[in-house]
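Here's the structure, in structure tokens; my notes come after.
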Number of protein chains: 2
Amino acid sequence: MLAPSTQGRIARTIPVIPDSASAHAQEQANHCHSCSLRNLCLPTGLGESDMAKFDMIVGRRHRIERDKFLYRMNDPFKYLYAVRVGHFKTQRIEDNGEQQITGFQMPGDLLGMDAIAGGHHYSDSVALEDSEVCEIPFSKLEQLFADIPSLLRHFHRLMSHEIRREQNIMISLGNMRAEQRLAVFFTNLSSRYASRGYSPSNFHLRMKREEIGNHLGLRIESISRLLARFQKAGYVKVDNREVRILDKIRLETLAAGEMAAC
Amino acid sequence: MLAPSTQGRIARTIPVIPDSASAHAQEQANHCHSCSLRNLCLPTGLGESDMAKFDMIVGRRHRIERDKFLYRMNDPFKYLYAVRVGHFKTQRIEDNGEQQITGFQMPGDLLGMDAIAGGHHYSDSVALEDSEVCEIPFSKLEQLFADIPSLLRHFHRLMSHEIRREQNIMISLGNMRAEQRLAVFFTNLSSRYASRGYSPSNFHLRMKREEIGNHLGLRIESISRLLARFQKAGYVKVDNREVRILDKIRLETLAAGEMAAC
DNA sequence: CGGATTCTTGAAGTCGCTCAACGAACGTGG
DNA sequence: CCACGTTCGTTGAGCGACTTCAAGAATCCG
């Protein structure tokens with residue numbers, strides 16, 4: 001059954017992935033064709049035989065514990081990674097300590113594309129919970145592009161999509177009020193969960209308030225106050241990191257730039 | 001002679017490109033191998049014969065008048081464009097009127113990569129002065145990738161580089177004070193002109209104050225005030241749109257996050 | 001020249017930040 | 001299982017950076 005909702009009271013350390021999907025991932029660990037993410041991930045749209053070829057080059061599946069790094073800035077670049085289970089954040093930390101979380105990744109998302117330009121990773125990737133990734137050797141991927149034009153085409157779409165995603169964040173950071181930024185953040189999370197078969201109205205935040213704030217260019221106190229206001233206004237119900245979207249329409253209106261009445 | 005500096009008092013409508021380069025572009029309009037931008041542009045690093053192949057697929061060179069659109073959001077995507085002469089801005093305008101200038105492009109920069117994902121352009125591209133672009137049919141480019149692996153590799157580097165560029169803007173918008181953002185903007189412009197053989201310390205702003213402000217998430221009045229402060233502090237000399245960087249070190253210190261003394 | 005656009009400067013206002021204190025949840029070790 | 005230190009989150013009061021509003025100066029360009 002698709003569209004399992006994230007569960008209610010789960011201790012933080014346990015990956016909040018529906019048991020069925022999680023078990024599924026364990027059992028059929030090594031083949032894209034049986035992976036539930038094959039319609040989101042890099043091999044999307046490949047035929048049977050091409051997907052098998054792709055499968056051949058995919059390296060080991062790695063488990064990354066919570067708070068551990070998948071890669072660090074300036075690490076040599078050899079692999080792209082596809083998130084299989086769990087959540088990650090990518091961040092850049094400047095010499096002077098300035099930090100920006102550039103994105104949150106969930107199953108099906110591809111990590112490491114910003115490393116291609118320089119041969120070294122350009123950001124850190126940190127697991128927000130115990131997670132798993134598929135390791136994709138980039139040089140082998142490049143060889144495969146010659147064989148499978150549709151794989152190349154999809155890869156370009158993914159990179160282009162990443163550029164778009166970042167443009168959207170630029171709009172958020174450059175143009176929007178705090179309230180609107182947070183509304184956009186929630187609607188975005190919601191639709192990403194929806195396209196992965198999870199509940200769009202009922203999910204668990206894998207990141208701290210501080211990380212949300214950093215990503216949105218706001219302080220932790222602002223996030224806290226905004227959540228309180230959203231809740232008071234009846235847009236959402238927030239219990240610790242458990243979020244229930246109560247008024248999707250109003251939230252989307254906020255995200256579109258309409259000011260809140262309160 | 002390389003490193004020509006931009007010139008002093010030039011009317012706005014005239015492209016502020018050194019005469020020699022401009023004439024060069026006119027005369028040898030249709031071949032990458034004689035283009036002064038071949039070390040920045042898409043065919044960078046190709047050998048003679050591969051560059052000739054690439055040259056074959058490059059379509060017409062277009063002239064775009066100031067304030068005219070190279071493409072508009074939602075236009076069907078057929079071509080990437082390489083800036084040959086002049087400057088552009090790319091912007092996204094949301095339904096509610098929110099606008100964000102996502103970048104300023106100069107000769108050698110590649111335009112339109114955000115369109116690959118959806119088959120339609122995701123932003124507007126507007127000429128800031130009378131400009132010229134080379135039109136690169138994307139479907140032919142894709143075919144060529146099979147022939148010229150090094151072209152594909154460089155294309156990936158360019159897309160990855162675009163992702164990095166936008167991450168840097170995210171840091172600017174999310175983490176930095178107004179002062180620091182402007183300093184970063186200037187040092188960035190400076191180094192881009194330097195890598196194109198222009199003076200890094202003496203250049204003409206092709207964009208309005210308002211456009212700088214929009215790009216940096218600030219109001220036009222803030223830009224104006226900051227420029228006045230920078231000038232008073234002796235970091236730069238600003239005469240209308242003519243900029244001379246007087247204290248490169250201090251400006252870079254500001255850009256790195258050190259607060260100004262004033 | 002003269003209207004329109006762009007830019008500058010000042011004064012007042014506001015949104016989000018800083019600082020501070022407290023409370024809740026976690027998780028490690030007894 | 002509870003105790004206790006630590007991390008994380010909430011709330012309030014005051015402040016400051018940037019915005020908004022407004023007016024005027026400079027520049028552009030037909």
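Just so it is clear: chains get the letters A, B, ... in the order the sequence lines come, proteins before strands, and each one is counted from 1.
In terms of phosphate contacts, A:Arg241 brings a side-chain nitrogen or oxygen within less than 4.0 Å of OP1 or OP2 of D:dG9. Taking 4.0 angstrom as the limit, B:Asn240 places a side-chain polar atom (N or O) nearer than this to OP1 or OP2 of D:dC28.
Remark: B:Arg63 does not engage B:Glu65 in a salt bridge, criterion side-chain N to carboxylate O under 4.0 Å. Using a cut-off of 4.0 Å between Lys/Arg side-chain N and Asp/Glu carboxylate O, A:Lys248 and A:Glu252 are scored as salt-bridged. Looking at B:Glu211 and B:Lys89, a side-chain N of the basic residue comes within less than 4.0 Å of a carboxylate O on the acidic one, giving a salt bridge.
Among residues two or more places apart in sequence or in another chain, the salt bridge (charged side-chain N to carboxylate O under 4.0 Å, His left out) test is passed with B:Asp109 by B:Arg192, B:Arg196. Shown here are the salt bridge (charged side-chain N to carboxylate O under 4.0 Å, His left out) partners of A:Glu210, two or more places apart in sequence or in another chain: there are none. When the salt bridge (charged side-chain N to carboxylate O under 4.0 Å, His left out) test is applied to B:Glu98, no partner is found at least two apart in sequence or on another chain.
Checked by distance alone, A:Arg225 brings no side-chain donor or acceptor within 3.5 Å of a matching partner on the base of D:dG9.
Between the side chains of B:Thr90 and B:Ser125, no donor-acceptor pair of N or O atoms lies under 3.5 Å.
One can place NE2 of A:His204 at 14 Å from P of C:dA25, the figure rounded to the nearest angstrom. Following rounding to the nearest Å, B:Leu182 (CG) and D:dC18 (C1') show an atom-to-atom distance of 14 Å. Summarising the geometry, the separation between CD on B:Glu211 and C1' on C:dT5 is reported as 12 Å, rounded to the nearest angstrom. Between A:Leu226 atom CG and D:dT10 atom P there is a gap of 11 Å when expressed in whole angstrom units. Across the protein-nucleic acid pair, A:Asp67 atom CG and D:dT7 atom P stand 12 Å apart, rounded to whole Å. One atom, CZ of B:Arg206, and another, P of C:dT6, lie 18 Å apart when rounded to the nearest Å. Here D:dT10 presents its P atom at 10 Å from CD1 of A:Ile223, a figure rounded to the nearest Å. Whole-Å rounding puts the A:Met176 CE to C:dG16 C1' distance at 17 Å.
Listed nucleotides C:dT6, D:dC8, D:dT10 differ in distance to A:Lys208; the shortest reach to its side chain belongs to D:dC8. In this structure, the nucleotide among D:dT10, C:dT8, D:dC18 sitting nearest to the side chain of B:Ala178 is D:dC18. Candidate nucleotides D:dT10, C:dG27, C:dT9 were compared by shortest atom distance to the side chain of A:Arg66, and C:dG27 ranks first. Among the nucleotides C:dT8, D:dT11, D:dG9, the one closest to the side chain of A:Ala228 is D:dT11.
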N/O-N/O pairs, protein side and nucleotides 22-24 of chain C side, under 3.5 Å:
none

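Relative ring orientation between A:His62 and A:Tyr81 is described as perpendicular, the plane-to-plane angle rising above 60° on a 0-90° scale split at 30° and 60°. Between A:His87 and A:Tyr193, the ring-plane angle classifies as tilted under the 30° and 60° cut-offs.
For the pair B:Arg164 and A:Tyr122, the cation sits on the ring face: its NZ or CZ lies under 6.0 Å from the ring centre, inside 45° of the axis.
Of the residues in residues 212-222 of chain A, those lying under 4.0 Å from DNA chain C by heavy-atom distance are A:Gly217, A:Leu218, A:Arg219, A:Glu221, A:Ser222.
Atoms CG and CG, from A:Leu205 and A:Leu227 in turn, are 8.0 Å apart once rounded to the nearest 0.5 Å.
The bend of the helix from C:dC1-D:dG30 to C:dG30-D:dC1, defined by the angle between the axes of its first five and last five pairs, stands at 50° to the nearest 10°.
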Practice prompt. Mind running side-chain hydrogen bond (donor to acceptor under 3.5 Å, both in side chains) on B:Asp114 and A:Gln167 for me, showing each step along the way?
Written response: CA-CA 9 Å; B:Asp114 53 357; A:Gln167 284 179 9; 3.1 Å; yes
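Residue A:Arg177 is classed as a sugar-phosphate contact, given heavy-atom separations below 4.0 Å to backbone atoms only.
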